[in-house]
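Scope of the values below: all heavy atoms of this structure, side chains included, with no hydrogens, waters or symmetry mates.
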Amino acid sequence: MKAVVGLGNPGSEYEKTPHNAGFAVVELLAGRWDARLKRSWRIKARTGRGMCSGGKVLLVEPLTFMNRSGQAVSSVMRYNRLGAEDLIVVVDDADLPMGRVRIKARGSSGGHNGLESVIGSLGTKDFVRIRVGIGRGHGKGALVDHVLSPLKGQEAEQFGIGVECAADAVQCVIENSVEKAMNEFNGGKPGGDSDGQPE
């Protein structure tokens, strides 16, 4: 079984913000795979089980806030007896243009607090991560407001394209391989990026 973890912040005020790209992808996949997300106090997350042609999938939304995501992720992994090789983390990336997607087989946090927390809690960087581009907003010092403010208009549309592309990428990883997904989605087309090499 694979675990697909979308990182974000719990609470209605964060629902449509770029920082919750991971949650948006998990919720899209829950709809595709008929998985009902339920709150679990034991592991501080919303989880749901689904099926795709690649097998059983556990969908996870940590409810610990972004910078403590690792607490929930490590609990989920232990409870379900899963290893880092079973984990796919979906996260926003301000260094990618809005709507672009980049897949990595492993690597550092890139300064993302949610990924840093997951790496620290699991004690390894060796898990797949799928980054959804959200851009940096407009103007000096605009990043914090940008990532935590609801999107509108064209930006919301571009964000939706990225979320859908990331969901497709997750499915490709599970049904095929991370290498195939990188070749397909890191290729510079809409929703993709220019670097398809593993890291």
Side-chain angles (χ1 to χ4, degrees), residues 1-8 10 20-64 66-93 101-110 112-132 163 165-186 196-199:
M1 182 170 69
K2 295 293 185 182
V4 179
V5 179
L7 301 189
N20 274 28
F23 279 15
V25 172
V26 162
E27 287 160 14
L28 179 57
L29 289 171
R32 285 185 186 180
W33 296 336
D34 197 26
R36 184 178 175 187
L37 296 170
K38 298 180 182 178
R39 187 165 188 160
S40 170
W41 295 104
R42 182 188 307 222
I43 54 178
K44 296 182 180 178
R46 293 176 72 217
T47 64
R49 294 175 186 267
M51 284 285 296
C52 68
S53 62
K56 295 179 182 179
V57 184
L58 179 67
L59 297 172
V60 183
E61 290 183 352
L63 298 177
T64 48
M66 184 70 81
N67 62 355
R68 295 183 179 178
S69 298
Q71 295 176 10
V73 175
S74 59
S75 294
V76 167
M77 302 298 281
R78 284 195 305 271
Y79 184 75
N80 292 279
R81 299 181 181 179
L82 299 174
E85 68 276 9
D86 303 311
L87 178 63
I88 301 169
V89 175
V90 186
V91 64
D92 64 298
D93 190 337
V101 168
R102 189 179 187 199
I103 305 164
K104 290 187 176 183
R106 63 188 62 84
S108 70
S109 68
H112 192 285
N113 290 335
L115 277 178
E116 190 68 38
S117 177
V118 173
I119 290 168
S121 292
L122 297 182
T124 181
K125 301 175 182 178
D126 294 335
F127 56 87
V128 174
R129 67 284 313 274
I130 297 178
R131 297 175 179 265
V132 183
V163 166
C165 184
D168 292 343
V170 169
Q171 195 155 344
C172 186
V173 171
I174 295 171
E175 295 179 351
N176 298 286
S177 67
V178 65
E179 291 79 14
K180 180 175 175 59
M182 286 191 291
N183 288 335
E184 183 170 341
F185 293 91
N186 290 2
Q197 299 302 312
E199 294 191 16

S.K.: How close do S74 and Q71 get, counting heavy atoms only, and between which atoms?
M.R.: OG-O, 3.1 Å
S.K.: With rounding to the nearest 0.5 Å, note down the distance linking OG in S121 to CZ in R68.
M.R.: 11.0 Å
S.K.: Between the main-chain N or O of C52 and the side-chain N or O of R32, is there a donor-acceptor pair closer than 3.5 Å?
M.R.: no
S.K.: Whether the side chain of K2 engages the backbone of E85 through a donor-acceptor N/O pair (distance < 3.5 Å, no angle test) should be reported.
M.R.: yes
S.K.: Supply the atom-to-atom distance R106 CZ to S108 OG, rounded to the nearest 0.5 angstrom.
M.R.: 12.5 Å
S.K.: What heavy-atom pair brings A35 and L59 nearest, and what distance separates the two atoms?
M.R.: CB-CD1, 3.9 Å
S.K.: I need the minimum non-hydrogen distance between C172 and A181, along with the two atoms involved.
M.R.: SG-CA, 3.7 Å
S.K.: To check you understand the geometry: which heavy-atom pair defines the closest contact between L115 and S109, and what is its length?
M.R.: CD1-O, 3.7 Å
S.K.: Rounded to the nearest 0.5 Å, what separation is found between the CD atom of E116 and the NZ atom of K125?
M.R.: 8.0 Å
S.K.: Would you say that more than 12 heavy atoms from the other residues, nucleotides or ligands in this model lie under 6.0 Å from the CZ of R36, or not?
M.R.: no
S.K.: Is there a donor-acceptor pair under 3.5 Å between the side chain of N186 and the backbone N or O of I103?
M.R.: yes
S.K.: So, are R81 and D86 salt-bridged, with charged N and O less than 4.0 Å apart?
M.R.: no
S.K.: So, taking the atom named CG in N80 and the one named CE in M1, what distance separates them when rounded to the nearest 0.5 Å?
M.R.: 4.5 Å
S.K.: Picking from V4, L87, V76, what satisfies side-chain contact (heavy atoms from CB on, under 4.5 Å) with L58?
M.R.: V76
